[in-house]
Amino acid sequence: MEAKSKIYIFMDEEVNPLAIVTTPIHIDIDTRKLVDGKHSLKLVSKDPSGKEGIRIIPFEVRNGPAIAVEGIQENAVVDGVVPIMINAYGKGYQKSFLISGSETPQTIPFWVWILLIGFIAWSLYYLVRYMNLRVVEVL
């Protein structure tokens with residue numbers, strides 16, 4: 001029988017491993033049991049001769065409802081009254097999709113207003129020009 005390496009699997013700063021397995025192995029980590037936020041998966045391997053290797057994998061869990069905020073950004077410098085819009089929505093029941101509350105409404109970007117005003121101005125220019133040509137033809 002050939003000797004195999006062992007892997008000790010730790011979550012965050014736990015002193016007791018979640019599992020001790022021999023390699024190669026496929027495992028599933030259920031993130032629903034973790035709180036939302038930053039975590040780290042620490043893997044300590046020991047080969048048959050006793051040498052150790054360590055690998056730390058940072059990751060972020062976001063199982064809870066997503067929170068969208070419009071009107072203020074992270075690390076923003078603000079003053080006065082700051083209007084913000086906050087929306088939170090979860091994944092819900094994964095077998096059916098509910099459209100209500102699953103999208104965050106947003107304000108219309110300024111460039112859309114500029115395009116709209118430009119198009120209206122262009123339309124009015126050509127409308128006035130067309131009307132002037134009709135008046136000249138009648139005279």
Side-chain angles (χ1 to χ4, degrees):
M1 179 175 172
E2 81 181 58
K4 295 186 176 187
S5 295
K6 285 191 176 188
I7 302 281
Y8 296 81
I9 303 172
F10 298 90
M11 185 64 64
D12 297 329
E13 300 299 321
E14 291 289 325
V15 276
N16 296 326
L18 289 174
I20 302 171
V21 296
T22 56
T23 60
I25 186 81
H26 294 277
I27 62 169
D28 293 326
I29 297 174
D30 188 0
T31 63
R32 295 174 294 183
K33 295 178 181 178
L34 299 172
V35 296
D36 284 3
K38 297 185 185 275
H39 297 275
S40 63
L41 182 66
K42 180 178 170 183
L43 306 169
V44 178
S45 66
K46 289 188 181 181
D47 67 9
S49 66
K51 292 183 183 177
E52 285 189 3
I54 297 175
R55 180 158 183 199
I56 298 173
I57 304 169
F59 63 97
E60 186 171 350
V61 173
R62 192 172 290 155
N63 288 325
I67 301 171
V69 178
E70 186 176 330
I72 192 168
Q73 306 231 346
E74 292 181 16
N75 303 316
V77 176
V78 297
D79 63 352
V81 177
V82 180
I84 62 172
M85 188 216 28
I86 302 169
N87 189 17
Y89 48 90
K91 295 175 187 162
Y93 185 62
Q94 296 291 321
K95 298 199 185 236
S96 65
F97 178 72
L98 299 174
I99 193 73
S100 174
S102 65
E103 293 185 9
T104 300
Q106 296 181 340
T107 58
I108 298 173
F110 74 94
W111 59 268
V112 172
W113 288 112
I114 292 172
L115 282 175
L116 183 63
I117 291 169
F119 178 75
I120 291 172
W122 174 78
S123 300
L124 288 174
Y125 169 77
Y126 279 100
L127 180 65
V128 168
R129 198 161 169 194
Y130 175 76
M131 295 304 278
N132 282 341
L133 288 176
R134 298 294 261 169
V135 171
V136 172
E137 287 178 6
V138 172
L139 294 176

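Residue numbers run from 1 in the order of the sequence given.
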Nearest 0.5 angstrom please: W122 CH2 to Y126 OH, how far? 7.0 Å
Do V61 and I67 share a hydrophobic cluster, counting only Ile, Leu, Val, Met, Phe, Trp and Tyr and linking them when any side-chain heavy atoms are less than 4.5 Å apart? no
Do V112 and F119 belong together in a cluster built from hydrophobic side chains that touch within less than 4.5 Å? no
Taking I117 as the starting point, is it possible to reach I114 by hopping between hydrophobic residues whose side chains are less than 4.5 Å apart? no
I25 side, atom CD1; I7 side, atom CD1 - distance, nearest 0.5 Å: 10.0 Å
Note: P24 and K4 closest approach over all heavy atoms is CD-NZ, 4.5 Å
Identify whether L18 and V44 are in the same connected component of the hydrophobic contact network (ILVMFWY, side-chain heavy atoms under 4.5 Å). no
Point-to-point distance, once rounded to the nearest 0.5 Å, from CZ of F110 to CG of L115: 10.0 Å
Which donor-acceptor pairs under 3.5 Å do side chains of residues 33-41 form with protein atoms, sequence neighbours excluded?
unit_1, atom_1, unit_2, atom_2, d
D36, OD1, N63, N, 2.9
D36, OD1, G64, N, 3.3
D36, OD2, G64, N, 2.9
H39, ND1, D12, OD1, 3.3
H39, ND1, D12, OD2, 2.8
H39, NE2, V35, O, 2.7

Check the hydrophobic clustering (I, L, V, M, F, W, Y; side-chain heavy atoms under 4.5 Å; chains of links allowed) and say if I20 and I54 are grouped together. yes
Residue pairs fulfilling ring-ring contact (aromatic ring centres under 6.0 Å, His included) with at least one residue in residues 12-32, sequence neighbours excluded: none
Rounding to 0.5 Å, atoms CD (E70) and CE (M85) come to a distance of 4.5 Å
Residue pair K51 / D47: nearest heavy atoms and the distance that separates them: N-OD1, 2.9 Å
Spacing of E14 atom CD and K42 atom NZ [to the nearest 0.5 Å]: 11.5 Å
Once the angle between the rings of Y8 and F10 is folded into 0 to 90°, is it parallel (under 30°), tilted (30 to 60°) or perpendicular (over 60°)? parallel
Quick one: pull up CG in L127 and CD1 in I120 and give me the separation to the nearest 0.5 Å. 12.5 Å
Of all the heavy-atom pairs spanning P58 and I56, show the shortest one and how long it is. CD-O, 3.5 Å
